[in-house]
There are 2 protein chains.
Amino acid sequence: MSKAADSSARASVKIRDVAAFADVSTGTVSNTINHPERVHPRTRLLVEQAIRELGFVPNQQARVLTGAVSNVIGLVVLDVESPFYMGAAHAVERSVRDSGLVVMLCNSEGEIVRESALLSMLAAQHVRGVLLAPATPEEHADRYVNLPQDLPVVLLDFDGGATHCSVSVDNVAGGALAVRHLLDLGHQRIAYVGGSLSLRQFAQRAAGARQAMADAGLDPEEMLTEVSVSGLGIRDGQRAVELLLEGTLPEAIFCGNDMLAFGVYRGLVNAGLRVPEDVALVGYDDIDFAKNWVVPLTSIRQPIDDLGHQAAQLLLDHSSRDSSHVHRQVILKPELVVRRSTDRRVEPRRPGSAGGTVKR
Amino acid sequence: MSKAADSSARASVKIRDVAAFADVSTGTVSNTINHPERVHPRTRLLVEQAIRELGFVPNQQARVLTGAVSNVIGLVVLDVESPFYMGAAHAVERSVRDSGLVVMLCNSEGEIVRESALLSMLAAQHVRGVLLAPATPEEHADRYVNLPQDLPVVLLDFDGGATHCSVSVDNVAGGALAVRHLLDLGHQRIAYVGGSLSLRQFAQRAAGARQAMADAGLDPEEMLTEVSVSGLGIRDGQRAVELLLEGTLPEAIFCGNDMLAFGVYRGLVNAGLRVPEDVALVGYDDIDFAKNWVVPLTSIRQPIDDLGHQAAQLLLDHSSRDSSHVHRQVILKPELVVRRSTDRRVEPRRPGSAGGTVKR
DNA sequence: TTCAGAAAATGAAGCGATTCAAATACCCTA
DNA sequence: TAGGGTATTTGAATCGCTTCATTTTCTGAA
């Protein structure tokens with residue numbers, strides 16, 4: 001804009017330079033930035049002009065040092081490549097964006113050592129607060145008393161009990177939802193395919209499955225076959241089918257996540273079985289692929305956006321009114337999405353008629 | 001460990017407190033942290049002890065303020081939910097982790113306004129440097145002269161010309177690779193299905209496809225059908241097939257990404273055609289699903305890990321030896337992964353024999 | 001025992017912004 | 001035109017840490 005605009009690219013401009021340029025004191029510059037109402041409109045214009053000419057950007061480190069709250073929040077997840085966490089991350093980001101905050105995304109990779117390193121790093125950065133998907137294998141929520149006291153933390157996808165704020169999704173309810181749906185359709189012999197039960201989520205989903213059977217008056221011990229595979233991918237699902245085929249085939253299969261379900265699907269097809277005619281199939285997570293799978297997959301949808309959003313709000317709340325904050329635990333309910341893999345009456349959707357051009 | 005350990009959770013401990021506790025000066029504490037060799041072993045032990053007792057964590061803001069380089073690097077991507085960028089992010093993180101750096105992941109969502117807001121925010125944070133996947137639609141690399149001069153930037157998945165460091169993948173080569181493969185298999189009438197050509201990557205891949213045909217002595221105008229669809233998902237691929245079926249069916253189809261290829265697959269199957277018997281199919285990106293698709297998909301693999309790794313190295317290099325840094329452009333080559341969707345001789349892999357247990 | 005030189009420890013001066021008590025400028029009334 | 005009150009502006013002190021010129025302590029040779 002101005003002839004001096006390119007000077008912005010010179011060495012870092014500090015508040016003193018702006019003050020000198022506008023011929024006012026540093027205090028006035030600071031005020032026009034942080035308390036514009038305190039400075040005379042004429043002066044304000046002058047200073048704003050100078051700021052623009054010089055391309056001044058206040059040093060955030062210095063600001064925070066003098067007591068301002070940081071505009072950074074930390075987000076520690078177990079896996080940056082997981083659609084679940086990235087969905088949540090995105091939701092978090094969207095909901096704090098308007099408050100001028102940015103998210104510092106960190107990856108603990110499920111390792112406690114790395115996790116605590118990250119936490120103290122975030123504390124050292126004096127971030128505004130942290131959203132943490134804990135790497136703790138079981139409900140050792142008490143472990144987290146070691147967190148830096150003055151670091152507001154909200155637990156993500158984990159119920160923190162009374163000692164922490166947290167937002168989680170009810171996995172037991174999700175498991176129950178899936179199995180109840182299958183029971184409603186008239187299936188009775190059901191298999192649950194899940195990852196290692198030492199993974200909290202899978203154990204809870206299995207528990208929900210059992211509970212739903214019991215509620216329906218069936219004996220889970222007898223009617224529910226539980227298969228645990230070591231991994232969580234498509235191939236593991238295929239493997240699970242092989243294990244299942246060694247016994248009596250169940251009428252329906254509920255998988256701990258969608259990838260396993262896809263694998264199960266392939267395994268069934270390879271064995272000459274049809275979904276849902278011969279076996280009904282339910283996944284978990286409702287990832288993008290579920291609705292576009294060869295046979296669209298019935299799945300349990302996690303309220304990911306809500307999860308991220310609520311966590312962010314909780315953190316903002318937690319980190320602003322520093323006095324008298326009561327920890328709150330939000331537990332969200334998952335949702336059943338019925339598709340063809342359990343119900344042949346659901347019509348396959350035709351592709352939309354969106355635009356497209358061909359050049360021959 | 002010590003009886004005073006829990007005091008760490010008290011209010012924030014500063015270097016003065018440590019100094020008082022260990023009965024030394026602040027300078028000495030600082031030295032034992034940053035230049036241990038300058039302080040007497042005996043004293044050092046004392047101070048380290050005190051640091052531990054008090055749970056002292058130096059305020060990073062203050063450190064940076066006094067001139068230390070930050071241990072944070074920024075990473076600005078176009079989409080936090082894209083496996084491509086998250087793969088790269090993960091690689092970046094892994095390769096800087098050992099240097100004690102953390103990554104601040106930001107999402108420009110492809111919007112230039114947001115992008116520049118993020119950049120000046122990162123500059124204000126005084127991060128060590130930034131890896132940027134630019135939101136600029138075309139090669140307007142010159143636009144980036146506006147970047148804060150003292151902010152080292154490495155462009156990601158974008159060739160920055162001589163004015164910037166950059167690491168990118170050769171999309172033209174990728175397109176050529178795919179089409180050459182199809183030509184080698186004896187196919188001649190080929191279709192390219194891509195997203196809007198205004199997306200740099202897709203335009204380049206299409207160019208590569210054309211070039212490969214020309215190199216083989218075929219006229220792209222005549223033998224290559226180009227289909228552009230508006231979206232990039234499975235449904236869009238299905239739509240593309242409908243468009244293609246209005247004309248003569250090509251012998252092979254090359255898609256600008258794997259999702260489109262999956263859609264094309266479904267479209268073909270719906271039309272009663274087999275892959276690869278009736279039509280050969282090639283995707284792009286080699287996402288996880290490609291190798292596990294009903295018919296494993298031949299695809300062009302992007303060297304994502306390498307991309308992230310090299311970018312990180314370039315940035316570290318760029319941001320350390322501040323003097324005399326020459327901008328380097330790294331261009332990586334994509335790789336062809338042949339699977340059944342183009343070559344029926346490739347045996348479908350059997351699922352592994354990994355562990356699994358059944359409880360009946 | 002003394003003393004030069006090396007080693008270790010000290011503590012005041014910044015880093016860049018914000019704050020706030022104190023100093024000025026401005027306005028209006030008497 | 002003086003006086004009192006409000007509106008602005010000023011600039012030194014401060015945040016927590018690092019640096020570095022000094023001071024103090026230690027070594028070992030003379």
Side-chain angles (χ1 to χ4, degrees), chain A residues 10-48 50-51 54-72 120-121 123-128 148 150-151, chain B residues 10-48 50-51 54-71 120-121 123-127 148 150-151:
Chain A
R10 209 72 58 73
S12 117
V13 180
K14 25 205 90 168
I15 203 171
R16 268 216 193 82
D17 305 322
V18 178
F21 190 94
D23 197 30
V24 294
S25 72
T26 64
T28 301
V29 177
S30 176
N31 277 334
T32 75
I33 295 175
N34 304 295
H35 311 279
E37 76 285 358
R38 286 189 201 160
V39 15
H40 189 99
R42 185 165 15 89
T43 322
R44 193 195 316 161
L45 252 46
L46 229 62
V47 174
E48 283 168 349
I51 290 181
L54 266 39
F56 169 64
V57 180
N59 182 329
Q60 189 64 17
Q61 319 271 340
R63 297 187 109 172
V64 172
L65 192 54
T66 64
V69 282
S70 165
N71 59 350
V72 178
S120 64
M121 180 250 115
Q125 294 288 336
H126 278 216
V127 297
R128 169 89 166 259
D150 46 350
L151 217 198
Chain B
R10 208 72 59 71
S12 116
V13 180
K14 24 205 91 167
I15 203 170
R16 267 215 196 82
D17 305 322
V18 177
F21 191 95
D23 196 31
V24 294
S25 70
T26 64
T28 300
V29 177
S30 176
N31 277 334
T32 75
I33 295 175
N34 304 296
H35 312 278
E37 76 285 357
R38 288 191 199 158
V39 17
H40 190 99
R42 183 164 17 87
T43 321
R44 194 195 314 165
L45 251 44
L46 229 62
V47 175
E48 283 167 349
I51 290 181
L54 267 38
F56 169 65
V57 181
N59 181 329
Q60 189 63 20
Q61 318 271 339
R63 300 187 105 175
V64 172
L65 194 53
T66 63
V69 282
S70 164
N71 59 349
S120 65
M121 178 253 117
Q125 294 288 337
H126 277 217
V127 297
D150 46 351
L151 217 199

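Residue numbers begin at 1 in each chain, while the letters A, B, ... track the order of the sequences.
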message: Please classify the nucleic acid contact of B:Val29 as base, sugar-phosphate, or nothing, using heavy-atom distances under 4.0 Å.
response: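 Result for B:Val29 = nothing.
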task: Check every strand shown and say whether A:Gly67 touches a base, only sugar-phosphate, or nothing at a heavy-atom separation below 4.0 Å.
output: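 Answer is nothing: A:Gly67 stays at 4.0 Å or more from every strand.
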Please confirm whether the shortest side-chain N or O distance from [X] to OP1 or OP2 of [N] is below 4.0 Å.
X: A:Thr28; N: D:dT10; answer: yes
X: A:Thr66; N: D:dC15; answer: no
X: B:Ser25; N: C:dT10; answer: yes
X: A:Arg63; N: C:dT18; answer: yes
X: B:Asn34; N: D:dT18; answer: yes

- prompt: Hey, is the main chain of A:Gln61 close enough, under 3.5 Å, to the side chain of B:Gln125 for a donor-acceptor pair?
  reply: no
Interatomic distance, [X] [atom1] vs [N] [atom2] [rounded to whole Å]:
X: A:Gln61; N: D:dC15; atom1: CD; atom2: P; answer: 18 Å
X: B:Gln125; N: C:dG16; atom1: CD; atom2: P; answer: 16 Å
X: B:His40; N: C:dT10; atom1: NE2; atom2: P; answer: 13 Å
X: B:Glu37; N: C:dA7; atom1: CD; atom2: C1'; answer: 12 Å
X: A:Leu45; N: D:dT8; atom1: CG; atom2: C1'; answer: 16 Å
X: B:Leu54; N: D:dG16; atom1: CG; atom2: C1'; answer: 15 Å
X: B:Arg16; N: C:dT10; atom1: CZ; atom2: P; answer: 15 Å
X: B:Asp23; N: C:dG11; atom1: CG; atom2: P; answer: 11 Å

query: Toward the 5' end of DNA chain D, which comes first, B:Arg38 or B:Leu65, by nearest nucleotide?
result: B:Leu65
task: Would you kindly compare B:Lys14 and B:His35 by the position of their nearest DNA chain D nucleotide and give the one closer to the 5′ end?
output: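 Mapping each residue to its closest nucleotide by heavy atoms, the 5'-most match is B:Lys14.
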Among D:dT9, D:dC20, D:dT10, the nucleotide that comes nearest once only the side chain of B:Asn31 is considered: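 Among the listed nucleotides, the one closest to the side chain of B:Asn31 is D:dC20.
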field: B:Ile15 side-chain proximity, nearest of D:dT8, D:dC17, C:dA9
entry: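 The nucleotide sitting nearest to the side chain is D:dC17.
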task: Please report the closest heavy-atom contact between B:Ala50 and B:Val18, naming both atoms and the distance.
output: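 Result for this residue pair: CB-CG1, 4.0 Å.
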- prompt: Under a 4.5 Å cut-off applied to non-hydrogen side-chain atoms, are A:Ile33 and A:Arg63 in contact?
  reply: yes
message: So A:Val127 and A:Leu151, do their side chains get closer than 4.5 Å, heavy atoms only?
response: yes
query: Once you round to the nearest 0.5 Å, how far does CG of A:Leu54 lie from NZ of A:Lys14?
result: 12.0 Å
